[in-house]
Amino acid sequence: MATVKIREASDASEQEIFQQIARKLRLPSYFGNNFAALEDCLGDMAESTRVDVVRYRDDPDPKRRTFFGTLCTVVARAALENPNVHLTMYEK
């Protein structure tokens, strides 16, 4: 099972997070480092894939909160459409 764990509190940029996801989930080299490309790639996953997201209630950065909210929405939508995709979200 391909798995990636992403923490909202990390100092990684949005592009670094997309790159981490691509590397851990072995996404194709043409992956576009954006939410539309992520949704497309997750929709095509043929093997069991898990995305773990750790959210933090007290994160003061509204841009970061929005990014992670969108990330969770995209993965959740993909999980509803593709039985090979699983989202686990933790909140601290």
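The structure displayed is predicted, hence computed values, not measured ones.
Nearest heavy atom pair, residue Val75 against residue Val51, reads CG1-CB, 3.9 Å. The minimum heavy-atom distance between Cys72 and Arg55, with the atom names listed, is SG-CD, 4.0 Å. Of all heavy-atom pairs between Glu8 and Phe68, the closest is CA-CZ, 3.4 Å. Nearest heavy-atom pair, Lys24 versus Thr3, reported as atom, atom and distance to 0.1 Å: CB-O, 3.7 Å. Nearest heavy atoms, Leu27 versus Cys41: CD2-CB, 3.8 Å.
Partners of Phe31 under the ring pair (Phe, Tyr, Trp, His ring centres under 6.0 Å) rule, at least two apart in sequence or in another chain, do not exist in this structure. Taking the ring pair (Phe, Tyr, Trp, His ring centres under 6.0 Å) definition, one finds that Phe35 meets it with Phe18, Phe67, sequence neighbours left out. Every residue two or more places apart in sequence or in another chain that forms a side-chain contact (heavy atoms from CB on, under 4.5 Å) with Ala12 is listed here: Ser10, Glu16, Ile17.
Residues Val4 and Leu87 share a hydrophobic cluster, clusters being chains of Ile/Leu/Val/Met/Phe/Trp/Tyr side chains in contact below 4.5 Å. Met45 and Ile21 end up in the same hydrophobic cluster when Ile, Leu, Val, Met, Phe, Trp and Tyr side chains are linked at under 4.5 Å.
Within the 4.5 Å cutoff, the side chain of Met89 has no heavy atoms near those of the Glu91 side chain.
The structure places CZ of Arg26 at 4.5 Å from CD of Glu47, a figure rounded to the nearest 0.5 Å. Remark: Thr49 OG1 to Asn84 CG distance equals 6.5 Å, nearest 0.5 Å. Note: Glu14 CD to Arg64 CZ = 7.5 Å, rounded to the nearest 0.5 Å.
Put simply, the side chain of Arg65 gets close to the backbone of Tyr56: a donor and an acceptor are under 3.5 Å apart. Under the 3.5 Å distance criterion, the side-chain polar atoms of Asn33 are left unmatched by any main-chain donor or acceptor of Gln15. Panel note: side chain Glu39, backbone Asn34; no donor-acceptor pair is recorded below 3.5 Å. A donor-acceptor pair under 3.5 Å is formed between the side chain of Asn82 and the backbone N or O of Gly43.
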